[in-house]
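Data first, discussion second: the structure below is written as structure tokens.
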Amino acid sequence: MAAGRKAPKTPRCPATCSCTKDSAFCVDTKAIPKSFPPGIISLTMVNAAFTEIPEGAFSHMQLLQFLLLNSNTFSLISDDAFAGLGHLQYLSLSNNNLQVLPRDLFKHLDILTDLDLRGNSFRCDCKIKWLVDWMEKTNTSVPAIYCASPFEFQGRRIHDLTPRDFNCISADFAVYETYSFQSLSVESYEFNDDQYVVFAQPNTGICTVFIWDHVNMLFKTHYNITSRSAVYCKPVVINNTLYMVVAQLFGGSHIYKWEEGPLRFVKIQDIDTTRVRKPNFIETFQIDGDWYFAVVDSSKAGSTSLYRWNSNGFYSHQSLHPWHRDTHIDFLEVDGKPRLILSSASQPPVVYQWNRSQRQFAYHSQITDSGDVQMVKHFWVRKVLYLCLTRFIGDSKILRWDNQRFVEIQTLPSRGSMAVYPFSVGVRQYLLLGSDYSFSRIYLWDDLTQRFQPFQELNMLAPRGFSLISIDNKDILLAASFKGKTMAYQHLVVDLSAK
């Protein structure tokens, strides 16, 4: 009750009975009676036998000002149980052993001045966050109530909690679309204000380009680049011109250019087959305004090679790491210095650093104790640099940059993993670890422990690459599958406090 105010006197009622102000009758209350006169202004129901308060239970008593429902046995209150009580000023739900209240239960009670919730066993989780927010904003007087659970809030005054004390936003990756084809790579890009993705298809050998349809909210086929054995299709936009680097297992690799009239990809250049024998991955990047791409070669006789753009084509620039059956390469900048991290099936990952005077990469260091790395990917969390190394046999590893070197901080079980993908949606940092032998796993970064925690499992066959696209208020995760259907998942945000 507010200071200086007294609640109306409570009529004395026998057990299992209800009393009304200025009335002399008593009725059995195993269920809420509907026979009360509509002009009642005060109603007391104590020690009644009814088990729930249904929707609109008192809506026929629109003049009700005082409602006492304490010391009862009901366990369920419907969402709009107090709808229609626009004149209610005092409400007691004390001593009912309630653990939770329906969201916005009091939203219809515009002139409520006093609310008694004492003597209940409230569970202070996301389902009660709305009450905390309501009490923070309302002018209604609410005597102190306390949390009975969970352990971290046990015994705390609910008045002392704030909505920020509850972490109620969760998420889920749900299947959005399924494509009938298998794929080895997926890359996304923007060009002329449209959003595209391109897949390398192992069965047909082609690169299939899809464009986002803003009306139907899905990707539709845009163009096929015919090839014999495409294993990677990498787009790059240079000076408003789109190029596609197509790496093939047989017949050499090529570079295509998009022409506006007629709309088509035209082959403009071949990649030297004496250098690139068995391509596995392509990375594009810029250094000091110049464009480069690196083709990772996984053969015993080939060499990972760099090509540099020079006004009208890409030219051979540098060979890296010959004879080591390379698997993947990642470009990043550390302390303003461009670097490449190259993983291999035969030795630990190698770090190369850019030499600006020579305009080439030079050997810098090795990441020791990490053999058979299939893919290497970096990511940033709160301005701290991390690295993920995924392995087909053995655990994958998370490393943190420690000013001078990468230090291992976590291992993740990953038998049969060929692909990893760190990505963020809003403030949530995820890591997707593919698997050929079991479910692929999504991990969520925990700021408290500074580690990844298991989040969700996805059923996909032999994933080889991933890409996240945010468009039309949707976050779509695409997954290339070597042995099954290519998949698209939507990231859905779930507010647990709204349930």
Side-chain angles (χ1 to χ4, degrees), residues 1-8 52-53 55-59 62 64-72 74-172 425-428 444 446-448 492-499:
M1 288 286 282
R5 269 205 314 260
K6 293 183 179 179
E52 68 176 279
I53 304 178
E55 182 177 341
F58 308 97
S59 59
Q62 297 181 3
L64 199 63
Q65 300 176 23
F66 176 92
L67 180 59
L68 188 72
L69 298 173
N70 60 307
S71 303
N72 292 294
F74 55 79
S75 56
L76 177 64
I77 303 178
S78 298
D79 291 350
D80 292 321
F82 303 123
L85 300 182
H87 291 84
L88 194 67
Q89 299 178 39
Y90 181 88
L91 172 60
S92 175
L93 290 169
S94 63
N95 300 311
N96 283 295
N97 202 32
L98 294 168
Q99 295 186 24
V100 68
L101 293 172
R103 182 181 176 87
D104 297 329
L105 180 63
F106 312 121
K107 66 180 179 180
H108 301 293
L109 310 181
D110 297 330
I111 64 171
L112 188 69
T113 59
D114 296 275
L115 174 66
D116 192 353
L117 296 172
R118 292 174 295 180
N120 290 296
S121 303
F122 288 116
R123 177 173 179 81
C124 296
D125 58 14
C126 289
K127 292 184 179 180
I128 211 168
K129 178 184 174 184
W130 75 268
L131 180 62
V132 173
D133 185 60
W134 180 81
M135 289 196 304
E136 194 176 73
K137 299 174 182 177
T138 187
N139 292 322
T140 302
S141 175
V142 185
I145 52 177
Y146 298 85
C147 301
S149 61
F151 178 77
E152 60 266 29
F153 290 138
Q154 195 173 56
R156 287 188 60 179
R157 282 201 340 155
I158 295 181
H159 289 72
D160 296 334
L161 300 178
T162 69
R164 294 185 297 275
D165 291 319
F166 301 90
N167 182 18
C168 298
I169 303 300
S170 185
D172 180 61
V425 181
V427 298
R428 304 169 71 87
L444 177 63
D446 182 3
D447 279 325
L448 183 62
L492 301 173
V493 176
V494 182
D495 186 354
L496 299 177
S497 67
K499 293 185 177 181

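What's counted below: heavy atoms across the whole structure, side chains too, no hydrogens, waters or symmetry copies. Note that the structure is predicted; figures quoted are calculated from it, not measured. The first residue of the sequence shown is numbered 1, and numbering continues consecutively from there.
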Find out whether Thr140 and Met135 are in side-chain contact, i.e. whether some heavy atom of one side chain is under 4.5 Å from a heavy atom of the other. no
Can you tell me how far NE2 of His87 sits from CG of Asp110, rounded to the nearest 0.5 angstrom? 10.5 Å
Please round to the nearest 0.5 Å and tell me the distance separating atom CD of Glu152 and atom CD of Gln154. 9.5 Å
d(Ser121 OG, Asn95 CG) to nearest 0.5 Å is 10.0 Å
Are Leu109 and Leu85 packed together at the side-chain level, in the sense that at least one heavy-atom pair is separated by less than 4.5 angstrom? yes
Where the side chain of Thr113 meets the backbone of Gln89, is there a donor-acceptor pair that is under 3.5 Å apart? yes
Spacing of Leu112 atom CG and Lys107 atom NZ [to the nearest 0.5 Å]: 15.5 Å
Quick one: SG on Cys126 to CG on Asn167, what's the gap to the nearest 0.5 Å? 7.0 Å
Do Asp125 and Lys127 sit within salt-bridge range, that is, some charged N less than 4.0 Å from a carboxylate O? no
Exam field: side chain Asp116 to backbone Arg118, donor-acceptor pair closer than 3.5 Å: yes
Considering only heavy atoms from C-beta outward, does the side chain of Leu117 approach that of Ser94 to under 4.5 Å? no
Tell me, which pairs form a ring-ring contact (aromatic ring centres under 6.0 Å, His included) where one or both residues lie in residues 136-156, sequence neighbours left out? Phe153-Phe166
Keeping Asn120 on the side-chain end and Leu98 on the backbone end, is there a donor-acceptor pair under 3.5 Å? yes
Among residues at least two apart in sequence or on other chains, which ones pass side chain to side chain donor-acceptor pair (under 3.5 Å) with Asp79? none
For Arg428, the salt bridge (charged side-chain N to carboxylate O under 4.0 Å, His left out) test, sequence neighbours excluded, returns none
So, taking the atom named CG in Asp133 and the one named OG1 in Thr138, what distance separates them when rounded to the nearest 0.5 Å? 11.0 Å
Of all heavy-atom pairs linking Ser78 and Pro102, the shortest is O-CG, 3.8 Å
So which atom in Cys124 and which in Pro150 form the shortest heavy-atom distance, rounded to 0.1 Å? O-CD, 3.3 Å
Nearest heavy-atom neighbours spanning Lys129 and Pro163: CE-O, 3.6 Å
N/O donor-acceptor pair under 3.5 Å between His159 side chain and Val142 backbone: yes
Pair Arg157-Asp160, salt bridge (charged side-chain N to carboxylate O under 4.0 Å, His left out): steps then yes or no: CA-CA 5 Å; Arg157 282 201 340 155; Asp160 296 334; 3.2 Å; yes
Any side-chain heavy-atom pair from Leu91 and Phe66 closer than 4.5 angstrom? no
